[in-house]
Every structure is written in structure tokens, then in C-alpha cells.
Participant: 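My questions all concern the structure below.
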Amino acid sequence: MPPRTTPVNWPSTNQPWDRVPIDHLGPFEQNLYLIVVDACTKWIEAIPVPNTSTRETIEQLRSSTYSPTSGSRAWLIRDTTCKMTSTLINTPLEKLNDQNYRSWKYNTKMMLIERELWKYVTEPAPDEEASRTIFNMKQEKALAMIALTISQSQQIHIMDCITAREAWDTLEQVYKPKSRSRILQLKKQFISIRFEEQETMTNYLGRLKICSDHLREAGAEMQDQDLAYSMLAGLPESYDGIIMTFSNVEDKEFTSS
């Protein structure tokens with residue numbers, strides 16, 4: 001027998017959804033339920049689930065009142081027999097602002113793909129009524145996911161959008177202006193990039209690649225050789241031997257990779 005110990009209560013919390021005990025109930029009348037409790041308000045949600053897997057549990061938590069994508073952080077409390085060990089538990093994304101559209105776009109797309117919602121952003125609704133009903137439910141969920149990853153000050157851009165595709169395209173139009181002033185700004189940045197002292201080559205090449213991608217997104221015509229020449233042009237004199245070697249490479253082999 002283990003030694004007797006004095007029970008210790010969890011510390012109280014005054015923040016809704018700061019601590020969330022969860023458990024599964026059932027089968028009850030041939031149904032399984034995920035029980036979610038807010039330790040602060042004592043609000044209880046009983047969510048019907050097809051199984052007790054980690055993936056299904058996390059998916060239900062994401063779509064319930066408690067949503068990690070809103071930026072909230074909470075303690076999830078479960079019984080010791082629950083087999084909830086998974087890499088699917090995610091860290092909230094950095095919300096979209098006027099400085100991080102490129103990284104936000106990539107991370108949000110990956111999140112939607114992982115949750116099997118990306119096709120509801122890119123594909124048209126089906127013609128069959130039954131399939132369209134399911135599609136509309138899923139695309140509304142995708143729209144909510146997109147909206148919850150945008151900072152409050154930027155949500156004004158998509159408040160009138162009724163589909164995930166409309167919201168996605170609207171944000172692209174707002175944050176990817178294809179103007180000459182934008183291209184000129186990026187061109188200046190691109191040609192000024194130099195290999196800095198104490199910098200790794202990987203970081204240097206990465207800065208050039210990112211700027212090159214931004215130019216393409218802004219509508220500028222960028223050839224791979226433009227990037228290759230800039231990579232060499234930004235190197236210091238100590239790399240003159242390497243630069244000379246690449247200068248003698250045939251055109252078809254002279255690439256950024």
C-alpha cells in the first residue's frame with residue numbers, strides 16, 4: 001500500500017478558461033462525450049464525440065468555447081489514465097499584423113491543412129445539397145480560424161466577408177500591394193544586402209531569398225540568376241576566390257542553388 005498523503009486542492013483561479021479539466025463519459029446510450037469544465041465559472045460542456053482519440057479531443061477543444069487559436073493559454077487537466085500524448089497540441093500562432101503577412105500566411109495555411117480545412121478555402125462549394133451543407137459548415141469553421149489569427153486592429157478588413165475564400169483573398173489584396181513604390185522599396189533593400197561580419201552563410205542567403213520572394217509577390221520579374229548574382233555581389237573581398245570560380249561557370253549551371 002502506498003503511504004497516506006494529505007490531499008491538496010488546486011489553487012483557485014479568477015480567469016475564465018485559465019484551467020480546463022477534461023474527461024470522457026460513456027458509452028452512455030451508445031454515445032461518447034467529451035466533458036469540458038471551466039474551473040473559474042464552473043461552466044460545463046458535454047460534446048458528443050465519435051471516439052476518445054487525441055486528434056478528436058484536440059479538434060473538439062479547438063472548436064468549443066475554449067479555443068487555443070484565440071491566443072488563450074490554459075492548463076488542461078485530465079485523469080492519469082487518459083492517453084493524451086501527442087504532437088498535435090499546438091502553440092498559438094502569432095496574430096497577423098502589418099509586419100508579418102508572409103509568415104502569417106504560411107503558418108495559417110499549415111494550420112488549416114493540419115486541421116483538414118484548407119480545401120474549404122481554395123475549392124468551390126459542391127452542387128449536391130447534402131455535400132454543400134457539410135461544405136458550408138467546414139468553410140465557416142475555416143473562416144473562424146482565419147479571423148481568430150488576426151489581430152483585432154486588422155479584423156476590420158474581413159468583417160464583411162462571408163466565406164473563408166473571400167477573407168483569404170481580401171487579406172492578400174490588403175497586404176500584398178503590387179505597386180511600383182513597393183517594388184522600388186524592395187529593390188533598394190535587395191541590392192543593399194551584404195554578408196555581415198559574424199553572420200552565417202545560411203542566414204545571409206536566407207535574407208536574400210526572402211527579399212527575392214517578396215519582390216516576386218509584389219509583381220517584380222525576378223530571374224534565378226538575379227538572385228545568384230546578388231549572392232556573389234554581397235560577399236566581402238575574402239571570398240574573391242570563390243566569386244572568381246563561379247564567374248567561370250556556364251550559364252546553364254549558374255543558379256542560386
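Here the structure is a predicted model, which means the values were calculated and not measured.
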Participant: Minimum heavy-atom separation for C211 and I193, please, with both atom names.
Facilitator: CB-CD1, 4.0 Å
Participant: What closest approach, in Å, do E94 and W104 show between heavy atoms, and which atom pair accounts for it?
Facilitator: O-CD1, 3.8 Å
Participant: Are K105 and W168 packed together at the side-chain level, in the sense that at least one heavy-atom pair is separated by less than 4.5 angstrom?
Facilitator: yes
Participant: What pairs with R102 under salt bridge (Lys or Arg N to Asp or Glu O under 4.0 Å), at least two apart in sequence or on another chain?
Facilitator: D213, E217
Participant: When rounded to the nearest 0.5 angstrom, what distance separates OH in Y106 from CE in M110?
Facilitator: 5.0 Å
Participant: Hey, does I243 have a side-chain heavy atom less than 4.5 Å from the side chain of L235?
Facilitator: yes
Participant: Does anything in residues 126-135 pair up under side-chain hydrogen bond (donor to acceptor under 3.5 Å, both in side chains), and if so which pairs, sequence neighbours excluded?
Facilitator: none
Participant: Determine whether L112 and I146 make a side-chain contact, defined as any pair of heavy atoms from C-beta on separated by less than 4.5 Å.
Facilitator: yes
Participant: L232 and L215: same hydrophobic cluster, using ILVMFWY side-chain contacts below 4.5 Å?
Facilitator: yes
Participant: Just to verify, what does F190 make a ring-ring contact (aromatic ring centres under 6.0 Å, His included) with, not counting sequence neighbours?
Facilitator: none
Participant: If hydrophobic clusters are built by linking Ile, Leu, Val, Met, Phe, Trp and Tyr wherever their side-chain heavy atoms come under 4.5 Å apart, do L227 and Y229 end up in the same one?
Facilitator: yes
Participant: Should M111 and T149 be marked as a side-chain contact (heavy atoms from CB on, under 4.5 Å) after you check the CA-CA gap, both sets of side-chain angles, and the distance that decides it?
Facilitator: CA-CA 10 Å; M111 178 190 72; T149 61; 4.1 Å; yes
Participant: Only counting residues at least two apart or in another chain, list the ones meeting salt bridge (Lys or Arg N to Asp or Glu O under 4.0 Å) with E196.
Facilitator: none
Participant: Examine distances only and state if a side-chain atom of S192 and a backbone atom of Q189 form a donor-acceptor pair shorter than 3.5 Å.
Facilitator: yes
Participant: What residue among L34, N31, L25 forms side chain to side chain contact (heavy atoms under 4.5 Å, CB included) with V49?
Facilitator: L34
Participant: Minimum heavy-atom separation for V121 and A142, please, with both atom names.
Facilitator: CG2-CB, 4.1 Å
Participant: Going hydrophobic residue to hydrophobic residue with side-chain gaps under 4.5 angstrom, can you get from M137 over to M145?
Facilitator: no
Participant: With a 4.5 Å cut-off on side-chain heavy-atom distances among I, L, V, M, F, W and Y, is there a chain of contacts connecting L148 to I162?
Facilitator: no
Participant: Is it the case that one hydrophobic cluster holds both I242 and M231, taking links as side-chain heavy atoms less than 4.5 Å apart, direct or via other members?
Facilitator: yes
Participant: Got a second to check how far K95's NZ is from T108's OG1, nearest 0.5 Å?
Facilitator: 11.5 Å
Participant: Any ion pair linking E123 and R165 (charged N to carboxylate O, less than 4.0 Å)?
Facilitator: no
Participant: Between D226 and M222 (side chain of the first, backbone of the second, donor and acceptor by atom type, cut-off under 3.5 Å), is there such a pair?
Facilitator: no
Participant: Of all heavy-atom pairs between L117 and K141, which one has the smallest distance, and what is that distance?
Facilitator: CD1-CG, 4.1 Å
Participant: For L171 and Y101, work out which heavy atoms get closest and say how close.
Facilitator: O-CE1, 4.0 Å
Participant: Out of curiosity, S212 OG to R207 CZ, how far, rounded to the nearest 0.5 Å?
Facilitator: 14.0 Å
Participant: Compare every heavy atom of V36 with every heavy atom of I47, then report the nearest pair and how far apart it is.
Facilitator: CD1-CG2, 4.1 Å
Participant: Listed by chain and number, what are the ring-ring contact (aromatic ring centres under 6.0 Å, His included) partners of F195, not counting sequence neighbours?
Facilitator: Y204, Y239
Participant: State, with a plain yes or no, whether a side-chain heavy atom of Q223 is found less than 4.5 Å away from one of E221.
Facilitator: yes
Participant: Got R115 and K138 here, is their nearest side-chain heavy-atom distance under 4.5 Å?
Facilitator: no
Participant: Below 3.5 Å, can you tabulate the donor-acceptor pairs from side chains in residues 154-161 to any protein atom, sequence neighbours excluded?
Facilitator:
residue : atom : partner : partner atom : Å
Q154    : OE1  : Y175    : OH           : 2.4
Q155    : NE2  : A147    : O            : 3.0
Q155    : NE2  : I150    : O            : 3.3

